[in-house]
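Inspection log for the structure reproduced underneath, given as structure tokens.
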Amino acid sequence: MENLLKTFRVNDIFYSLQGEGRNAGRAAVFVRFSGCNRDCPFCDTDFSEWREMSIPDIVAEVSRYAARFVVLTGGEPTLQADEQFVDALHAEGFEVAMETNGSNPLPANLDWSTVSPKGKIAVDRCNELKVLFFDEQSPRPWESGALTADYYYLQPCDVGDASRNTEIMEACVEYIKAHPLWRLSLQTHKLAGFK
């Protein structure tokens, strides 16, 4: 009960389509938490602003939308979201997914987990492993087999330079052709122009 009074730093709650991975194209309510334990130069989220919200506040806001699929993202959602938080969403009929860097253990009651490693990980299993691909020379810690998944995706990193992005895409495609366990994941929300 005390967790219902706890507040969470929420950067944004918005309704859109999942843009990446196995659930791409699916209507979803995104709860973007503020704050992260990594400092990635390619991060596209501004964490300087947030609002304090309780579990009932968050549940009320996500319930305004038609989809019953909630994606907890960030920043790093494992810094704030826990099993009681997920239980509260389940109690209202939501399916709950989380996008995480894998640096902390995940709530055990998630319906779907996407791990996109950015450094040392504390997770050994997920539904979907999504790795940002830079080039053929990039370190590949995921190849160690320490993290297993139902689905494996490589996502070419958008570095903001069209020529370099083309090179990254070509190298990513060639890597997948040589390692067919992997699938290509594109940021369809960016390609289609929606949030």
Side-chain angles (χ1 to χ4, degrees), residues 1-24 26-132 146-150 187 189 194-195:
M1 182 63 163
E2 72 182 50
N3 201 28
L4 294 177
L5 304 176
K6 175 184 172 184
T7 59
F8 298 81
R9 290 177 310 177
V10 177
N11 180 275
D12 195 11
I13 295 177
F14 61 97
Y15 189 43
S16 189
L17 302 182
Q18 175 58 278
E20 305 168 356
R22 183 76 175 161
N23 288 303
R26 186 174 180 190
V29 183
F30 291 83
V31 178
R32 184 180 300 282
F33 292 98
S34 185
C36 190
N37 55 352
R38 300 286 190 255
D39 186 20
C40 303
F42 46 80
C43 183
D44 58 2
T45 302
D46 176 10
F47 300 114
S48 63
E49 294 185 18
W50 66 84
R51 54 192 163 140
E52 298 281 338
M53 298 180 75
S54 67
I55 289 177
D57 294 336
I58 295 169
V59 169
E61 187 154 343
V62 300
S63 294
R64 295 177 29 220
Y65 303 103
R68 304 314 285 173
F69 181 52
V70 173
V71 178
L72 308 178
T73 187
E76 178 47 46
T78 60
L79 297 175
Q80 298 184 64
D82 57 15
E83 290 180 13
Q84 188 174 4
F85 183 89
V86 174
D87 280 342
L89 291 168
H90 281 159
E92 296 301 317
F94 287 99
E95 181 182 348
V96 183
M98 179 179 281
E99 299 175 342
T100 172
N101 62 30
S103 59
N104 297 306
L106 307 180
N109 54 346
L110 289 170
D111 299 298
W112 187 264
S113 59
T114 300
V115 174
S116 184
K118 315 284 192 307
K120 188 171 171 39
I121 58 172
V123 176
D124 60 6
R125 178 93 180 97
C126 62
N127 298 107
E128 176 177 69
L129 176 60
K130 183 188 74 179
V131 176
L132 291 180
L147 176 58
T148 60
D150 299 320
Q187 295 179 299
H189 54 292
F194 61 88
K195 183 175 182 179

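Since this is a predicted model, take the numbers as computed values, not measurements.
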Between Ile55 and Lys6, is a side chain to side chain contact (heavy atoms under 4.5 Å, CB included) present by the stated rule, with each step listed?
CA-CA 7 Å; Ile55 289 177; Lys6 175 184 172 184; over 6 Å; no
Indicate the atoms forming the closest heavy-atom contact of Ile121 with Asn101, along with that distance.
CG2-O, 3.7 Å
Rounded to the nearest 0.5 Å, the CG atom of Leu110 sits from the CZ atom of Phe85 at a distance of 10.5 Å
Heavy-atom pair of closest approach, residues Phe33 and Gln80
CB-NE2, 3.6 Å
Of all heavy-atom pairs between Pro77 and Gly74, which one has the smallest distance, and what is that distance?
CD-N, 4.1 Å
As an exercise, state the distance from OG1 of Thr114 to CG of Asn23, rounded to the nearest 0.5 Å.
7.0 Å
Thr78 to Pro105 - nearest heavy-atom pair and separation:
CG2-O, 3.9 Å
Can you name the closest pair of heavy atoms from Phe30 and Ser16 and give their distance?
CE1-CB, 4.1 Å
Going by atom type alone, with no hydrogens or angles, which donor-acceptor pairs under 3.5 Å involve a side-chain atom of residues 63-70 and a protein atom two or more places apart or on another chain?
unit_1	atom_1	unit_2	atom_2	d
Ser63	OG	Val59	O	2.7
Arg68	NH2	Glu92	O	2.5

Please report the closest heavy-atom contact between Ala81 and Pro107, naming both atoms and the distance.
O-CG, 3.9 Å
I'd like to know if the side chain of Asp111 and the backbone of Val96 have a donor-acceptor N/O pair within less than 3.5 Å.
yes
Short question: side chain of Ser116, backbone of Lys130 - any donor-acceptor pair under 3.5 Å?
yes
Residue pair Ser113, Thr100: steps toward the side chain to side chain contact (heavy atoms under 4.5 Å, CB included) verdict
CA-CA 8 Å; Ser113 59; Thr100 172; 5.6 Å; no
So how far is it from Ile58 CD1 to Ile13 CD1, rounded to the nearest 0.5 Å?
5.5 Å
Using side-chain heavy atoms (C-beta onward) and a distance below 4.5 Å, is Val29 in contact with Tyr15?
yes
Could you give me the CA-CA distance, side-chain angles and deciding distance for Met98 and Leu106, then say whether side chain to side chain contact (heavy atoms under 4.5 Å, CB included) is met?
CA-CA 9 Å; Met98 179 179 281; Leu106 307 180; 4.2 Å; yes
Quick check: does any side chain N or O of Asn11 sit under 3.5 Å from a backbone N or O of Glu49, one acting as donor and the other as acceptor?
yes
Return the CG to CZ distance between Asn127 and Arg22, rounded to the nearest 0.5 Å.
10.5 Å
Which salt bridge (charged side-chain N to carboxylate O under 4.0 Å, His left out) pairs, counting each pair once, include a residue from residues 94-103, with sequence neighbours left out?
Arg26-Glu95
For the pair Met53 and Glu61, evaluate side chain to side chain contact (heavy atoms under 4.5 Å, CB included) and give the outcome as yes or no after the intermediate values.
CA-CA 10 Å; Met53 298 180 75; Glu61 187 154 343; 3.5 Å; yes
State the OG1-CG distance between Thr148 and Asp150, to the nearest 0.5 angstrom.
8.0 Å
